[in-house]
**Q** 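Below are the structure tokens for one structure; questions will follow.
Chain letters run A, B, ... following the sequence lines, proteins first and then strands; every chain starts at 1.
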Amino acid sequence: MSQTNPTIVRTRFAPSPSGPLHVGGARTALFCWAYAKAHDGSFILRIEDTDQKRSSDAACQALMHDLRWLGIDWDEGPEFDGIGGGDFGPYFCSKRLDIYHKYIDQLIDEGKAYRAFETPQELDAARSDAKRQKHNYRYDRSALKLDQATIQAYLDEGRPYVVRFTLPNDEPILVRDEVRGEVTVDPKEMDDFVILKADGYPTYHFAVVIDDESMNITHIIRGQEHLNNTAKHVLLQDALGFRRPVFAHLSLIFNPDGSKMSKREKAKAARKAASAFLQSKPTEDVEAWLSHLTSFDMKIGDLVRNSQQRHLHLYQEVEHLFSPTDFRSFLDGDTDEPGIAHLIADDLGVDLPEIDVQDFRVSGFLPQVLVNYLALLGWSPGNDVEKFDHAFLIEHFDLDRIIKSHAKFDRDKLLAFNLDAIQAMSPKQFHDLWYAHCREYHPKFVEKLSPERFDMLAAANQSRSKTLDDTVKSSQFFIMADDAIEYEQTKAVRKALCNGDPSGYDHLAAIKPLLADLTDWTKDAIEPVVDKYSQEHANGKLGKVAQPLRIAVSGSTVSPAIFETLAILGREAVVNRITRCLANRQQFLDTSNA
RNA sequence: GACCCCAUCGUCUAGCCAGGUCUAGGACAUCAGGUUUUCAUCCUGAAGACAGGGGUUCAAAUCCCCUUGGGGUCACCA
């Protein structure tokens, strides 16, 4: 874009602190940030907390935490973790009420806005009437016909009112959008919209216009859901004599099935899991399960530390426990409360779809990978370039390569990118990251493994970790008690243990003393012993011996490379587990034949 | 329903604005083969798209129109 005047680029991300940061919001923030940085400008974070009922400080903190985790730092905005501040504050709408009121008064004085006294109920009724008669609802401007004496009388008696903006004329409204081109909106599609709510707070439309002007915002990059609203903003800017910033509206991100990515996804998945679980249960069991669920202590802090409930959100400040009634109405689909969805999912051991930034964090995605992927979802640098970092974005990002069509979120591709990034790390980098992830979300891993063993496990897992979390899940047997290992009743396990002559069990019995006698318990010492054994007794087929060993120590056919696995577990655990596996031989044969 | 936006492999996209070099390129996923002590990797290969119809033009994935399909907005939410 040609910048003819030397205006300094200023972009802003203006989220509402009413919930966790959604990937869609994160992408908007990323694009605002990238554009500002690419043009030597400033990126501003402003908290749009004009909805008193839904805003919370905890959500705001979580939001900023997520932004910083992604590496999206703001030049101006709320102070947080060493950044923020600035000369155009306050950066919370709720602290700018006097500014809004000044402009509201101005508009009323100039006859460009007026007070209206209808109640929300009256308006709802009028709206549903209009809907029934199949025509579009527009506010009928009856408050405009009120004479001054009546208005004064209403004000004197303290009747609540809103302020509406008077639509100026019938001229089509032209919005220039950097990604969509010129969009015209017929004012007949709008009505005298509310700019000040009865509680004295401005609506989004009003606050955003005032704030963007007073904070010198030059470029407004936001989701396409605001495209229609932009006409209102333009009208307001004209009425107030404000400058008109550059607009760029981003298309939305969807689920692979084409549905909108929203918190409802979590509720849907949790309900599905619950109904599968409840299917065959008698009524009393359902009751018992519900009361079991309500017994969780929902205090923040504990929640996040508790690995069983690691998905529960930082932002949630739940004062009271959910009641069985809450759960029931959730299961009936009357509410989509994500807290309940996570409780159910954790209890049932199912994964919920990741839709919020923090979901991706607990799932073990790397922030730079998420940023890379998100940038690619709606923007393309061209030339088949796909992998890039923050610095590349700062260098190359611009509005002209923003994609106009909607995109579906492809989790498999994200996963592939994450694996690539993990494999590209140095062993030390991976170790440190994996350690931090375990300490945060799986503290038992850090507590139960000695540092030496933890280090070995990290090294053994790096190249097979699609996320920081998936190898933690598949490595549970490393921290289990020897007698807690359960042998999977699967075809693969049976085959490895029972088939052939000698069978896997026979090999285990034969190799056990060789391992028990090993004095130097390292990968390099174990390997030749097992290799030599398989040369002599299994036609050199290492798998014939390795698989039974793997099952004996882990309970399943999946683990890191076998010699590393044995080395990490230690001789005592390995021998114990082989002994126990052999002792279970008859029982295993009986039950697996049954 | 009204208005607005969008349309290239299953998915994300390059190519489109400045029409020919496009028998449409890449990535993820899929399939086949190979490597490997399991899983995951890794290597090689294959299959796979210009939504449909009209124009404009010597020439259209590229420009225009219509249809169809998808999405968004229509709050004292943002």
**Q** For rA7(B), which nucleotide is its Watson-Crick or G-U wobble mate, given both distances must be under 3.5 Å?
**A** rU68(B)

**Q** Sort out the partner of rA24(B) for me: Watson-Crick or G-U wobble, both distances under 3.5 Å, none otherwise.
**A** none

**Q** Describe the nucleic acid contact of S251(A) in one word from base, sugar-phosphate, nothing, applying a heavy-atom distance below 4.0 Å.
**A** nothing

**Q** Strictly under 6.0 Å, is that where the ring centroids of Y154(A) and Y161(A) end up?
**A** no

**Q** Using a 4.0 Å heavy-atom cut-off, does P160(A) contact any base of the nucleic acid, only the sugar-phosphate backbone, or nothing at all?
**A** nothing

**Q** Taking only residues two or more places apart in sequence or in another chain, which ones pass side chain to side chain donor-acceptor pair (under 3.5 Å) with E527(A)?
**A** K523(A)

**Q** Tell me what D186(A) touches on the nucleic acid: a base, only sugar-phosphate, or nothing, going by heavy atoms under 4.0 Å.
**A** nothing

**Q** Can you give the first and last nucleotides of RNA chain B, 5' to 3', that have an atom under 4.0 Å from a heavy atom of chain A?
**A** rG1(B) to rA78(B)

**Q** Within the structure shown, what part of the strands sits under 4.0 Å from F254(A) by heavy-atom distance: base, sugar-phosphate, or nothing?
**A** sugar-phosphate

**Q** Decide whether R550(A) and S559(A) meet the rule of one side-chain donor and one side-chain acceptor closer than 3.5 Å.
**A** yes

**Q** For rC63(B) versus rG20(B), give the span between their P atoms, rounded off to a whole number of Å.
**A** 11 Å

**Q** Name the nucleic acid region contacted by H205(A), choosing base, sugar-phosphate or nothing; use a 4.0 angstrom heavy-atom cut-off, strictly under.
**A** base

**Q** Could you work out the separation of rG1(B) and rG55(B) based on their C1' atoms and round it to a whole Å?
**A** 32 Å

**Q** Using a 4.0 Å heavy-atom cut-off, does V185(A) contact any base of the nucleic acid, only the sugar-phosphate backbone, or nothing at all?
**A** nothing

**Q** For G378(A), report the nucleic acid contact type (base, sugar-phosphate, nothing); a contact means any heavy atom under 4.0 Å.
**A** sugar-phosphate

**Q** Checking ring-ring contact (aromatic ring centres under 6.0 Å, His included) between F360(A) and each of Y373(A), F417(A), F365(A), which is the one that passes?
**A** F365(A)

**Q** I'd like the P distance from rA49(B) over to rA24(B), given in whole Å.
**A** 10 Å

**Q** Give me the distance, rounded to whole Å, that separates rC64(B) from rG25(B) when you measure between the C1' atoms they each carry.
**A** 28 Å

**Q** NA contact type, H249(A), heavy-atom cut-off 4.0 Å: base, sugar-phosphate, or nothing?
**A** nothing

**Q** With Y139(A), which residues qualify under side chain to side chain donor-acceptor pair (under 3.5 Å), at least two apart?
**A** E118(A)

**Q** So what does E386(A) hit on the nucleic acid, given a heavy-atom distance under 4.0 Å: a base, only sugar-phosphate, or nothing?
**A** base

**Q** Measuring only the C1' atom in each nucleotide, how far is rA75(B) from rG10(B)? A whole number of Å is fine.
**A** 38 Å

**Q** Using a heavy-atom cut-off of 4.0 Å across all strands, would you classify R180(A) as base, sugar-phosphate, or nothing?
**A** sugar-phosphate

**Q** Among residues at least two apart in sequence or on other chains, which ones pass side chain to side chain donor-acceptor pair (under 3.5 Å) with D105(A)?
**A** none

**Q** In chain order, what residues pass the salt bridge (charged side-chain N to carboxylate O under 4.0 Å, His left out) check against K387(A), with sequence neighbours excluded?
**A** D420(A)

**Q** Over all strands shown, is K188(A) touching base, sugar-phosphate only, or nothing at heavy-atom distances under 4.0 angstrom?
**A** nothing

**Q** Taking only residues two or more places apart in sequence, or in another chain, which ones meet D129(A) in a salt bridge (charged side-chain N to carboxylate O under 4.0 Å, His left out)?
**A** R132(A)

**Q** How would you list, by chain and number, every residue that makes a ring pair (Phe, Tyr, Trp, His ring centres under 6.0 Å) with F165(A), sequence neighbours excluded?
**A** F193(A)

**Q** Identify whether any heavy atom of A561(A) sits under 4.0 Å from a base atom; if not, whether one sits that close to sugar-phosphate; answer base, sugar-phosphate or nothing.
**A** base

**Q** Taking only the C1' atom of each, what is the distance from rU8(B) to rA61(B) in whole angstrom?
**A** 7 Å

**Q** Reckon D412(A) touches a base, only the sugar-phosphate, or nothing at all at heavy-atom distances under 4.0 Å?
**A** sugar-phosphate

**Q** Identify which one of E178(A), H226(A), E225(A), R222(A) satisfies the side chain to side chain donor-acceptor pair (under 3.5 Å) criterion when paired with H249(A).
**A** R222(A)

**Q** Please work out if K404(A) contacts a base, only the sugar-phosphate, or nothing of the nucleic acid, heavy-atom cut-off 4.0 Å.
**A** sugar-phosphate

**Q** Return the set of residues passing salt bridge (charged side-chain N to carboxylate O under 4.0 Å, His left out) with D140(A) (not counting sequence neighbours), or none when no residue passes.
**A** none

**Q** Between rU13(B) and rC76(B), how far apart are the two C1' atoms, rounded to whole Å?
**A** 43 Å

**Q** Using the P atom as the reference point in each nucleotide, state the distance between rC65(B) and rC22(B) in Å, no decimals.
**A** 28 Å

**Q** With both distances under 3.5 Å as the test, what is the Watson-Crick or G-U wobble partner of rA2(B)?
**A** rU73(B)

**Q** Starting from the 5' end of RNA chain B, give me the residue, E527(A) or R401(A), whose nearest nucleotide shows up first.
**A** R401(A)

**Q** Would you kindly compare N383(A) and S465(A) by the position of their nearest RNA chain B nucleotide and give the one closer to the 5′ end?
**A** N383(A)

**Q** Return the residues of residues 117-132 of chain A meeting this criterion: a heavy atom under 4.0 Å from some atom of RNA chain B. Order them by number, or give none.
**A** E118(A), T119(A), P120(A), L123(A), R127(A)

